[in-house]
Amino acid sequence: MAEQKLRCPVCGSTEFIYDPETGELICKRCGYVLETTVDVGKEWREFDIKDAETKRRAGSPTTLTKMATGLSTEIGNIEDLYKLSEEERAEFMRLKKWQQRATSSLERNLKIAMQELKRITSQLNLPQTVEEEAAKIYLEAAEKGLIRGRSIETVVAACVYIACRKLEIPVTFEEIAQAAGVNKKELGRTYRYLIRQLKIKVLPISPVEYVHRFGALLNLPPEVIAKAVEIVEKARELDLTSGRGPQGIAAAALYIAATMYGIRKTQREIAEVAGVTEVTIRNRYKELVEKLGLQIEETGKKKR
DNA sequence: AAGACGAAAGTGGTTGA
DNA sequence: TCAACAACTTTCGTCTT
């Protein structure tokens, strides 16, 4: 995957404003919001055990995600021990032991979970809002005892997925499973279990969202993406989208749009970014072409 | 040689009796 | 709880560029 210069998929501008609040890139010219999941070279991760030390009690606003990492701090670090007198050291150990006992299992669980959450969201470059939302969901799940019998990683991953769906961020199942390092099947099961138990309603992500994302990933020009969106919308009117995987629809629409403009993208390439197989693209593609009465021409001819 | 196409069989999940 | 079913995948052979 070549890193190309970041370009707005709608208007082609290369100037963006970064919104640190949400972690989004916003096109200066047309205001299109580009998820940072797309390759901005900014890969900040933090595994900051030591870093946390300096930030502790720094008075940063308490948010749900921080609660487990920042506030329920350990008492001191090992290095600090050497600066202490004997009695102080004894006191230290006593406190430390006390803390361990006093820390409820829920609290400990949350702490680990929040670290994991941070890891996943920053690896995928997801906006802060997702992190907060996922944390909220996890907390709720934890309080209802839904975690029992499931690994923390899996539950966290499921929460992230739910959060993304709620916030309409088109991230695929696979991406999360991969970033979290959990089994896809298990993740799916946990995900469904959670939304049932927590009575969360998630509407399926619109294929349009995926069109934008995949289009950007494939470096397709704005006209092609606009065309693909048009196709998706027409398909929706004819009720071709319900019950089908939105990714498949988006992929097929992009494929059709690209060939209409004479842009050669292999089904394989598109299938790859969309997380579906070529066969699925073909099926949707066939379906779309015949039901919408489209004609594919290489000369950039347009249908009404 | 690579990509597109499609048939056939398999997988995991949903639904309805 | 189980069987039918839809959507999607895997695999593989054939045609096209």
Side-chain angles (χ1 to χ4, degrees), chain A residues 1-2 141 146 149-151 153-155 157-162 164-165 170-178 180-211 213-215 217-220 224 227-228 231-301:
Chain A
M1 281 225 187
L146 303 180
R150 272 162 262 267
S151 75
E153 295 88 48
T154 309
V155 178
C159 289
V160 172
Y161 186 66
I162 294 173
C164 286
R165 296 285 293 263
V171 67
T172 60
F173 215 66
E174 283 76 13
E175 286 169 310
I176 294 198
Q178 206 182 354
V182 302
N183 174 312
K184 218 164 47 171
K185 195 165 124 194
E186 186 66 28
L187 174 59
R189 201 177 332 175
T190 309
Y191 160 70
R192 252 170 286 109
Y193 179 74
L194 284 186
I195 53 180
R196 178 134 15 105
Q197 294 299 314
L198 298 176
K199 309 228 179 346
I200 296 172
K201 48 172 171 52
V202 282
L203 16 153
I205 293 182
S206 157
V208 175
E209 303 290 330
Y210 282 123
V211 167
R213 202 161 96 74
F214 299 156
L217 246 26
L218 290 164
N219 291 312
L220 289 171
V224 171
K227 188 73 198 170
I231 292 171
V232 167
E233 246 135 40
K234 243 185 264 175
R236 183 152 49 192
E237 282 167 30
L238 298 182
D239 205 30
L240 292 176
T241 57
S242 73
R244 262 105 183 164
Q247 289 139 274
I249 309 256
L254 280 170
Y255 180 69
I256 295 172
T259 55
M260 274 177 157
Y261 282 89
I263 295 173
R264 203 75 203 163
K265 285 281 174 192
T266 64
Q267 294 180 350
R268 181 87 214 97
E269 277 179 280
I270 298 180
E272 187 135 343
V273 301
V276 298
T277 62
E278 303 163 56
V279 182
T280 301
I281 292 186
R282 285 201 287 273
N283 291 338
R284 292 290 88 80
Y285 158 84
K286 219 176 25 168
E287 198 171 280
L288 288 176
V289 168
E290 81 185 31
K291 295 273 176 59
L292 296 180
L294 295 172
Q295 254 171 278
I296 320 274
E297 300 166 35
E298 301 264 328
T299 49
K301 263 268 72 77

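Everything quoted here is computed from the prediction, not taken from an experiment. Protein chains get the first letters and strands the later ones, always in sequence-line order, with residue 1 at the start of each.
The separation between A:Arg268 atom CZ and B:dA4 atom P is 11 Å, rounded to whole Å. In this structure, A:Glu287 places its CD atom 16 Å from C1' of B:dC5, rounding to the nearest Å. We find that CD of A:Glu278 is positioned 21 Å from P of C:dA7, with the value rounded to whole Å. The distance from atom CZ of A:Arg282 to atom C1' of C:dC12 is 11 Å, rounded to the nearest whole Å. A straight line from CD of A:Glu174 to P of C:dC8 spans 13 Å, rounded to a whole angstrom. In this entry the distance linking CD1 of A:Ile281 with P of B:dG6 reads 14 Å, nearest Å. Rounded to whole angstrom, the span from the CZ atom of A:Phe173 across to the P atom of C:dC8 amounts to 15 Å. Straight-line distance from the OH atom of A:Tyr285 to the C1' atom of C:dA7: 21 Å, rounded to whole Å.
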Give every pair of a protein N or O atom and an N or O atom of nucleotides 10-17 of chain B that lie under 3.5 Å apart, one pair per line with the distance.
unit_1: B:dT14; atom_1: OP1; unit_2: A:Arg192; atom_2: NE; d: 3.3

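Side-chain nitrogen and oxygen atoms of A:Gln267 include none within less than 4.0 Å of the OP1 or OP2 phosphate oxygen of B:dG3.
For DNA chain C, if you chain together Watson-Crick or G-U pairs that step i with j, i+1 with j-1 and so on, the runs of at least three with distances under 3.5 Å are B:1-11 with C:7-17, B:13-17 with C:1-5.
One finds the CD atom of A:Gln267 at 10.0 Å from the OG1 atom of A:Thr277 (value rounded to the nearest 0.5 Å). A distance of 13.5 Å separates OG1 in A:Thr154 from OH in A:Tyr193, rounded to the nearest 0.5 Å. For the atom pair CD of A:Glu209 and CZ of A:Phe214, the computed distance is 11.0 Å after rounding to the nearest 0.5 Å.
In summary, A:Lys234 and A:Glu237 do not engage in a salt bridge, as defined by a charged side-chain N under 4.0 Å from a carboxylate O. Under 4.0 Å is where a charged nitrogen must lie from a carboxylate oxygen, and between A:Glu272 and A:Arg268 at least one such pair does.
Each of A:Tyr255 and A:Val279 was assigned the nucleotide of DNA chain B with the nearest heavy atom; the assignment lying further toward the 5' end belongs to A:Tyr255.
In this structure, A:Gln178 places its CD atom where only 12 or fewer heavy-atom neighbours from other residues, nucleotides or ligands lie under 6.0 Å away.
A:Lys265 has its side chain within reach of A:Leu220: a pair of non-hydrogen atoms, C-beta onward, lies under 4.5 Å apart.
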Next item on the list: Check step by step if side-chain hydrogen bond (donor to acceptor under 3.5 Å, both in side chains) holds for A:Thr172 and A:Glu175.
Entry: CA-CA 5 Å; A:Thr172 60; A:Glu175 286 169 310; 2.9 Å; yes

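When all heavy atoms are compared, the tightest approach of A:Ala158 to A:Leu187 is N-CD1, 3.4 Å.
Set against B:dA4, B:dG6, C:dC8, the side chain of A:Arg284 has C:dC8 as its closest nucleotide.
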